[in-house]
Number of protein chains: 2
Amino acid sequence: MADIPSYKQRKVITIGVVSELTGLSERQIRYYEERKLIFPERAPKGNRKYSFADVEQLIDIANKREEGVQTYEIRQDMLRAERKKEKRMRRDLLRGEINARFGIQKE
Amino acid sequence: MADIPSYKQRKVITIGVVSELTGLSERQIRYYEERKLIFPERAPKGNRKYSFADVEQLIDIANKREEGVQTYEIRQDMLRAERKKEKRMRRDLLRGEINARFGIQKE
DNA sequence: CGTGTAAGGAATTCTGACACG
DNA sequence: CGTGTAAGGAATTCTGACACG
């Protein structure tokens, strides 16, 4: 009923709740931000706000950390994945434009 | 990828954020709880926690209040809607059981 | 009835730093 | 490197109450 809610992306969760949800300490969560693994928004007075997507991301990070992966490695993997994703999106966008101009063809 | 996230129902938002999201004062939000229009969970130390569904509910309440509808009326409407919904669910549940026993029939 | 506000206390969050390793 | 902790301050939240209407 609302306009594309996308609750998953909405940054509304405080660090205390994120800590409960992930089992990570607030210290850890702030540190991962320092290492650019996570990007909360800030409320007007400076409080960090996280989304459910961030919570999932933190859980992934926690799992990798348990396996001994360093934050630097995790960041590199993230950047690689992101580049891959952008490449895919550019490709899909291009395909969409071609279809728009020349019509949809089967196969 | 997670197990039926249902982010919409998860009670993780503090009253301050709900206030920003809805435009209602914290006083109003607490009052609507007192009038049994909204049911936040409580964190271990007593802080209220709301879901996105609660936020939507509050926006509906705010709209009705602007139209001059009293909280008592809003509550009655809610109870009526809930009874209707339960009736529907019982009916659907029953239908499901019948189908499970006698198979799905077309039309 | 519905909402604002001041009151006092308790819990939250923030930053920068020291510690250990 | 990754995380814990004590420190001090600022912002948040809570409850019960008085106010107005």
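Computed from heavy atoms alone, side chains included, the values below leave out hydrogens, waters and symmetry copies. Letters A, B, ... mirror the listed sequences (proteins, then strands); counts begin at 1.
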In whole Å, what is the span from the [atom1] atom of [X] to the [atom2] atom of [N]?
X     : N      : atom1 : atom2 : value
B:E34 : C:dG4  : CD    : P     : 14 Å
A:R65 : D:dG4  : CZ    : P     : 11 Å
A:I13 : C:dT12 : CD1   : P     : 17 Å
A:E26 : C:dC14 : CD    : P     : 7 Å
A:K49 : D:dT12 : NZ    : C1'   : 11 Å
B:I61 : C:dG2  : CD1   : C1'   : 13 Å
A:N47 : D:dG9  : CG    : C1'   : 13 Å

Could you go through the salt bridge (Lys or Arg N to Asp or Glu O under 4.0 Å) check for A:E33 and A:R42 one step at a time? CA-CA 12 Å; A:E33 179 183 356; A:R42 293 291 182 130; 3.6 Å; yes
Would you tell me if any nitrogen or oxygen in the side chain of [X] comes within less than 4.0 Å of OP1 or OP2 on [N]?
X     : N      : value
B:Y31 : C:dG2  : yes
B:K45 : C:dA10 : no
A:Y32 : D:dG2  : no
B:T14 : D:dT13 : yes

Summarise how protein sits on nucleotides 15-20 of chain D as a single string, 5' to 3': B when a protein heavy atom is under 4.0 Å from the base, S for sugar-phosphate-only contact, - for no contact. B-B---
Taking C:dT3, D:dC14, D:dT12 as options, the one with an atom nearest any side-chain atom of B:I15 is D:dC14
Is the backbone of B:F39 close enough, under 3.5 Å, to the side chain of B:K11 for a donor and an acceptor to pair up by distance? yes
Any A:I15 side-chain heavy atom under 4.5 Å of A:R30 side chain: yes
With side chains defined as the heavy atoms from C-beta onward, is the minimum distance between A:R95 and A:D92 less than 4.5 Å? yes
Partners of B:R65 by side chain to side chain donor-acceptor pair (under 3.5 Å), sequence neighbours excluded? none
Using a 6.0 Å cut-off, check whether atom [atom1] of [X] has over 12 heavy atoms from anything other than its own residue.
X     : atom1 : answer
B:E97 : CD    : yes
B:R91 : CZ    : yes
B:R80 : CZ    : yes

Value rounded to 0.5 Å, distance of CD1 in B:I59 from CD in B:E56: 7.0 Å
What would the secondary structure line of DNA chain C be in dot-bracket form, counting Watson-Crick and G-U wobble pairs under 3.5 Å, with [ ] for pairs that cross earlier ones and | for pairs with another strand? .||||.||.|.|.||.||||.
